[in-house]
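First the structure, in the form of structure tokens, and then the observations on it.
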There are 2 protein chains.
Amino acid sequence: MLDQRIKFRHLTCFLEVARQRSVVKAADTLSITQPAVSKTIRELEEHLDARLFDRSKRGVTLTDFGKVFLRYAGASVTALRQGVDSISQVRMQGGLSINLGVLPTVAASVMPNAIRRFKSLSPDTTVKVVAGPNVMLMGQLRVGELDLVVGRLAEPDQMSGLSFIHLYSEHISLVARPGHPLLTDENPDITRIREFTVLVPPKHAIIHPTVDKMLIAHGIGALPDRIETVSTSFGRAFTRETDAIWIISNGAVASDIAEGHLVELPIDTSDTFGPVGLTTRIDSPISPPVEMLINAVREEAALHHATHSGLNT
Amino acid sequence: MLDQRIKFRHLTCFLEVARQRSVVKAADTLSITQPAVSKTIRELEEHLDARLFDRSKRGVTLTDFGKVFLRYAGASVTALRQGVDSISQVRMQGGLSINLGVLPTVAASVMPNAIRRFKSLSPDTTVKVVAGPNVMLMGQLRVGELDLVVGRLAEPDQMSGLSFIHLYSEHISLVARPGHPLLTDENPDITRIREFTVLVPPKHAIIHPTVDKMLIAHGIGALPDRIETVSTSFGRAFTRETDAIWIISNGAVASDIAEGHLVELPIDTSDTFGPVGLTTRIDSPISPPVEMLINAVREEAALHHATHSGLNT
DNA sequence: ATTTTGCATAACTATATAATTATGCATTGT
DNA sequence: ACAATGCATAATTATATAGTTATGCAAAAT
């Protein structure tokens, strides 16, 4: 049971005294008299039924209780401050907004449903969806321009200061149009893809090194006829209309495969398995609306994974 | 500036009304009269200078402002509740404690200093350090027996419900005693390691699949003479005393290499690069003491990486 | 040996608080 | 049309609040 007599006044006073390690100094910055501070602290201690400070003649120091309570008290007033701030934000821009970076893997698979799910819970929050090269998105995330990036786990050197939440794993697929010449074989010779135009992810894409490794592992060197593309819509259209082969993360084409618009080449890509998830900043705490979006994405991903897992195993 | 007139009474009242969508019902569960609730809400609205509810004749509904404020208000009182709770916890068990899982990679490199750093900031928090097979540690983490696991990123299928914070990346090393026969060559034939006893990580180790891939990539099949071991102290002693070769994550033997007790075989292990970091539960929020420990580890890792990065590039 | 520093306590006071009861008023439902 | 519902407002009151000034007291500093 929370003691209703505890007020924010007590917490702010406590925090200030703890910070300054001095009743007098705290009183000064709070613009009240020293006895007022003494009394407020004593009240808080009585409400909590625990000593928060050890008093000495050259200042005060936190007790064990105080040290522990300090963090939570800080969190509590911070939350309220944020709440007050966010209200004025809403007033200004007419609604909260979340800035979301989306990588190709999930842009067409989980995210549409995830965002719909989120909007049904929180219809007044504007969600801004940004796509682009992952390096750019990660940069924006680190700077605070984005609140969240969804997609494959980026290269380690890009992940400093960021936190990753795993959703599911997927592999990379080689897809072609139905009726493609290579599909006639049961076990096609993978090196024959050199005979066709191959769409590959560009150098800055997360999956680029993985694709390279895979090609090398399968004994394929540099591809003679290659197109580098970021655009899944281009890749999709081009692959369906020509004999090109498209190397792309499975999630980006899962629905096309399911619907028969594209066909996966029967080639072992098990070592291209990689984690897909949510990337956030580690320092700034996750705001409640973003947390809701995260939950929506996780739920949707679980659902998605359950229905599509057959493709991945 | 936070309006000091806002009290927890206002927040709890607001939360209750929001939950019940009714002033009368909220008044009932709060055991006060309906006008008292009306007035409290009005006060809060005045302090925030924003309408939180739309009043109608069949209950009240949250405004946009209210919806936004709701989350933060909840977070604020939750934090205070936790604070009050944690005090009684401290009283009972005589000090907060953190349960920490440590994988071999960091057990001997970053963690000792990181924990020392943390203890200097927060000497009254007991840190319990647990080692063991990563599968077990991850299981304990998921159940809540551990608060944090530090080490290599686990396999994706173990990461559901967990969040990963990247610290740095490291590769896997092949080490042997100084003066080992293979070290005489400038560019030794890696397949010759078959001639020696090889210490490899056991099947459940995180790096096991990576090691396997590497061996295959270098054209080495199954090793004829192998010892599987979890124990770094055994591995260390055995490798120093015999001609055995030890395949182990670099972090576990970095100091031994630096001090010349062990020597790294000049073999390309660049594709064994993998992320090392902190794994936490995603659902339960990170408690302030754990957050402090996380920061300590991050700072120490940054330092560690800065001084040791020459080894990794 | 003083003086200063730092906190605690006491006595006091205007104001705010947190309820209460009583009443009003506009919908909703019958 | 009338009762019931649900919230708002007003008047009232005991109590808590949030400070203030004045004073005391022990440890540090000079």
Side-chain angles (χ1 to χ4, degrees), chain A residues 1-63 65-66 69-70 73 77 80, chain B residues 1-63 65-66 69-70 73 77 80:
Chain A
M1 230 349 202
L2 188 134
D3 194 326
Q4 292 284 15
R5 292 170 307 179
I6 299 177
K7 314 240 175 75
F8 283 101
R9 180 177 62 86
H10 294 109
L11 299 189
T12 50
C13 185
F14 166 71
L15 291 172
E16 195 56 36
V17 174
R19 192 174 70 81
Q20 307 243 29
R21 301 173 198 288
S22 158
V23 171
V24 186
K25 284 178 194 161
D28 191 43
T29 56
L30 293 170
S31 306
I32 53 177
T33 57
Q34 169 262 313
V37 174
S38 284
K39 206 172 124 197
T40 303
I41 296 298
R42 185 156 47 81
E43 282 168 11
L44 181 58
E45 289 180 326
E46 278 164 12
H47 296 332
L48 292 173
D49 193 27
R51 276 212 112 45
L52 295 171
F53 291 105
D54 284 324
R55 281 78 163 170
S56 85
K57 291 300 150 182
R58 55 168 187 288
V60 292
T61 51
L62 283 167
T63 63
F65 296 138
F69 189 67
L70 178 62
V77 310
L80 182 64
Chain B
M1 231 349 203
L2 187 136
D3 195 326
Q4 292 284 17
R5 293 170 305 179
I6 300 177
K7 313 240 174 75
F8 283 101
R9 181 177 61 88
H10 294 108
L11 299 189
T12 49
C13 185
F14 166 71
L15 291 172
E16 195 55 36
V17 174
R19 192 174 68 83
Q20 307 243 29
R21 301 174 199 286
S22 158
V23 171
V24 185
K25 285 178 194 162
D28 192 41
T29 57
L30 292 171
S31 306
I32 52 176
T33 58
Q34 169 262 313
V37 173
S38 284
K39 205 175 130 201
T40 302
I41 296 297
R42 185 157 47 81
E43 282 168 11
L44 181 58
E45 289 179 327
E46 278 164 11
H47 297 153
L48 291 172
D49 194 28
R51 276 214 112 43
L52 295 171
F53 291 105
D54 283 324
R55 280 79 163 170
S56 85
K57 290 300 150 183
R58 56 170 188 289
V60 292
T61 51
L62 284 167
T63 62
F65 295 138
F69 189 67
L70 178 63
V77 309
L80 182 64

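Atom set for the values below is all heavy atoms of this structure, side chains included, hydrogens, waters and symmetry mates excluded. Protein chains get the first letters and strands the later ones, always in sequence-line order, with residue 1 at the start of each. None of the values given here were measured: they were computed from a predicted structure.
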Check this one for me: any side-chain N or O of [X] less than 4.0 Å away from OP1 or OP2 of [N]?
X      : N       : answer
S38(A) : dC7(C)  : no
R55(A) : dA8(C)  : yes
T33(A) : dT20(D) : yes
K7(A)  : dA16(D) : no
T40(A) : dA18(D) : no

Closest to side chain of [X], choosing from [options]:
X      : options                  : result
V23(B) : dT20(C), dA8(C), dC7(D)  : dC7(D)
P35(B) : dA10(D), dC7(C), dC7(D)  : dA10(D)
R9(A)  : dT17(D), dA19(C), dA8(C) : dT17(D)
R42(A) : dT17(C), dT9(C), dG6(D)  : dT9(C)

Can you establish whether the number of heavy atoms outside R55(A) located under 6.0 Å from its atom CZ is more than 12?
->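 Yes, enclosed.
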Rounded interatomic separation in angstrom, taking [atom1] from [X] and [atom2] from [N]:
X      : N       : atom1 : atom2 : result
F53(B) : dA8(D)  : CZ    : C1'   : 15 Å
F14(B) : dA18(C) : CZ    : P     : 18 Å
F8(B)  : dA18(C) : CZ    : P     : 13 Å
E43(B) : dA19(C) : CD    : P     : 10 Å
I6(B)  : dA18(C) : CD1   : P     : 13 Å
Q20(B) : dG6(D)  : CD    : C1'   : 14 Å
I41(B) : dT9(D)  : CD1   : C1'   : 16 Å
R51(A) : dC7(C)  : CZ    : P     : 13 Å

Minimum heavy-atom distance between S22(B) and V60(B), given as atom pair plus value |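 In terms of heavy atoms, the two residues are closest at N-CG2, 3.9 Å.
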Quick one: pull up CD in E16(B) and CG in L30(B) and give me the separation to the nearest 0.5 Å.
->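 Atom-to-atom, E16(B):CD and L30(B):CG are 5.0 Å apart.
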In Å, rounded to the nearest 0.5 Å, how long is the span from CD of Q34(A) to NZ of K25(A)?
->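 With rounding to 0.5 Å, CD (Q34(A)) is 14.0 Å from NZ (K25(A)).
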Reckon V60(A) touches a base, only the sugar-phosphate, or nothing at all at heavy-atom distances under 4.0 Å?
->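 Contact class for V60(A): sugar-phosphate only.
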Pair of N/O donor and acceptor under 3.5 Å linking dA18(C) base with K39(B) side chain =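 Yes.
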For the side chain to side chain donor-acceptor pair (under 3.5 Å) test, which of H10(B), E45(B), R9(B) pairs with T40(B)?
->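 Of H10(B), E45(B), R9(B), side chain to side chain donor-acceptor pair (under 3.5 Å) with T40(B) is met by R9(B) alone.
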